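Remember, it's a predicted structure, so these values are computed and weren't measured experimentally. Chain letters run A, B, ... following the sequence lines, proteins first and then strands; every chain starts at 1. Scope of the values below: all heavy atoms of this structure, side chains included, with no hydrogens, waters or symmetry mates.
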Number of protein chains: 2
Amino acid sequence: MPPDVKDKATLHILQKSGLSKTPQRLAVLNILMNTVVPVNIKSIRQALESKISINRVTIYRILSLFKQHMIIREITSPGGNNYFELATMKNPVHPHFLCRKCAALSCLEPLTFSQANHWLTPDKDYSIENIEINISGLCASCRNATKLQKRSVKQ
Amino acid sequence: MPPDVKDKATLHILQKSGLSKTPQRLAVLNILMNTVVPVNIKSIRQALESKISINRVTIYRILSLFKQHMIIREITSPGGNNYFELATMKNPVHPHFLCRKCAALSCLEPLTFSQANHWLTPDKDYSIENIEINISGLCASCRNATKLQKRSVKQ
DNA sequence: TTAATTATTGCAACCAAGTTGCATTATTGG
DNA sequence: CCAATAATGCAACTTGGTTGCAATAATTAA
Ligand SMILES: [Mn+2]
Ligand SMILES: [Mn+2]
Ligand SMILES: [Zn+2]
Ligand SMILES: [Zn+2]
């Protein structure tokens with residue numbers, strides 16, 4: 001294992017979950033830790049290319065493992081290109097915004113308890129484990145782009 | 001076209017959208033109209049089998065077309081097995097509950113305006129087109145089943 | 001009602017995403 | 001360092017969905 005990959009924080013996360021420390025796992029975890037927005041598998045593979053040689057199957061297995069150990073969260077996307085983000089205490093479950101044009105995913109403010117409470121009790125019979133709120137539309141830049149385009153067409 | 005398939009209501013829906021009335025479209029629409037819970041493609045295909053001979057490609061094309069014309073809505077599912085439901089005025093956008101065990105999807109009460117309003121303005125820069133709320137966990141019957149199982153184990 | 005025009009369907013081939021079994025290789029704990 | 005255990009890489013496979021095009025059906029207007 002190349003020592004430069006051994007980031008102290010990433011190592012600690014694996015240790016806490018009792019997972020063995022392989023360069024592949026550290027590399028994947030590194031990407032998740034150093035990105036601000038959630039990333040989909042395609043971006044993860046791209047980001048890994050320059051850092052380490054890793055089989056695509058391994059990426060699936062690592063992500064699946066991280067999810068089981070609740071190291072990461074998976075954000076469902078309409079087209080099936082799901083996104084992943086770190087699931088730390090400082091980063092609680094929150095809604096997301098997905099731009100239908102550029103497919104950029106951004107994180108929104110988390111729900112307060114009173115806000116969530118309404119959905120926490122849809123029925124006494126359900127046991128609720130997860131609430132996913134996904135908002136879609138046009139992001140700021142894509143919205144601006146279409147505005148400018150319309151103006152130039154009018155001229 | 002066999003006349004027994006020509007349900008008056010389904011015909012009218014296609015007419016309103018200016019779509020030509022093929023037996024395949026009527027059959028698909030019929031299923032969506034006669035089901036209480038949203039259905040995924042697999043169930044749609046199964047339901048169609050006994051009614052009409054239809055190519056799987058045609059089903060995809062019809063569903064895609066219905067979505068464009070806002071006759072139906074697609075409900076995103078974590079695993080990618082999305083569900084479809086009729087999008088009428090009497091059936092506004094609403095949250096859904098997906099059981100992680102039996103994969104049954106059920107409809108929850110729609111948001112009131114004041115409830116939705118909080119999410120309608122995450123940022124002035126976004127233009128919001130859709131809000132999807134998906135709650136997951138265990139449904140009533142699956143929850144009961146596990147309870148009973150635990151009890152019998154304890155004995 | 002008929003015939004031309006236009007739209008839809010079926011078919012086959014293709015593509016992308018994800019999964020599985022198993023041999024090879026790496027990590028761990030002593 | 002060595003044995004035991006676990007993770008990875010590889011190839012093959014499965015599943016879900018898409019595309020181009022020829023055959024067929026629906027529409028429209030004569
Ligand atoms: Mn997020
Ligand atoms: Mn519903
Ligand atoms: Zn955008
Ligand atoms: Zn259930």
Below 4.0 angstrom from OP1 or OP2 of D:dT15, is there any side-chain N or O of B:Lys42? no

Taking every heavy atom of B:Lys51 against every heavy atom of B:Ala47, the minimum-distance pair comes out as CG-O, 3.7 Å

Would you indicate, yes or no, if C:dT28 has its OP1 or OP2 atom less than 4.0 angstrom from a side-chain nitrogen or oxygen of A:Lys21? yes

For C:dT8, does OP1 or OP2 lie under 4.0 Å from any side-chain N or O of B:Ser20? yes

Could you tell me if A:Ser141 and A:Asn144 have a donor-acceptor pair between their side chains, going purely by distance under 3.5 Å? no

Test of understanding: with salt bridge (charged side-chain N to carboxylate O under 4.0 Å, His left out), list the residues that count as partners of B:Glu129, not counting sequence neighbours. A:Arg100

Between C1' on C:dG18 and CG on A:Asn81, what's the gap in Å once rounded to a whole number? 12 Å

I need the CG-C1' distance between B:Leu26 and C:dT9, as an integer number of Å. 14 Å

Cluster membership besides A:Leu105, Ile/Leu/Val/Met/Phe/Trp/Tyr side chains within less than 4.5 angstrom, sorted by chain and number, is A:Ile75, A:Tyr83, A:Leu98

Between the side chains of A:Arg25 and A:Ser20, is a donor N or O closer than 3.5 angstrom to an acceptor N or O? yes

Short of 4.0 Å, heavy atom to strand atom, which residues of residues 52-69 of chain B count as contacting DNA chain D? B:Arg56, B:Val57, B:Tyr60, B:Arg61

If each end axis of the helix from C:dT1-D:dA30 to C:dG30-D:dC1 is fitted on five C1' pair positions, the angle between them, to 10 degrees, is 40°

Could you tell me how far apart A:Arg45 (CZ) and D:dG9 (P) are, to the nearest whole angstrom? 12 Å

OP1 or OP2 of D:dA25 versus the side-chain N and O atoms of B:Gln24: is any pair under 4.0 Å? no

Please check the phosphate of C:dA7 (OP1 and OP2 only) for any side-chain N or O of B:Thr22 closer than 4.0 Å. no

Rounded to the nearest angstrom, tell me the gap between atom CG in A:Leu19 and atom P in D:dT5. 19 Å

In whole Å, I'd like the distance from the CG atom of B:Leu14 to the C1' atom of D:dA25. 15 Å

For residues 55-69 of chain A, please give each side-chain donor-acceptor pair under 3.5 Å, one per line with the distance, not counting sequence neighbours.
{"unit_1": "A:Asn55", "atom_1": "OD1", "unit_2": "A:Val57", "atom_2": "N", "d": "2.8"}
{"unit_1": "A:Lys67", "atom_1": "NZ", "unit_2": "A:Glu74", "atom_2": "OE1", "d": "2.7"}

Rounded to the nearest Å, what distance is computed from the CG atom of residue B:Asn82 to the P atom of nucleotide C:dA17? 16 Å

How far apart are the closest heavy atoms of B:Cys142 and B:Lys101, and which atoms are they? SG-CB, 3.9 Å

Looking only at side chains, do B:Glu132 and B:Asn130 share a donor and an acceptor under 3.5 Å apart? no

Rounded interatomic separation in angstrom, taking CZ from B:Arg25 and C1' from C:dG10: 14 Å

What residues form a side chain to side chain donor-acceptor pair (under 3.5 Å) with B:Ser77, not counting sequence neighbours? none

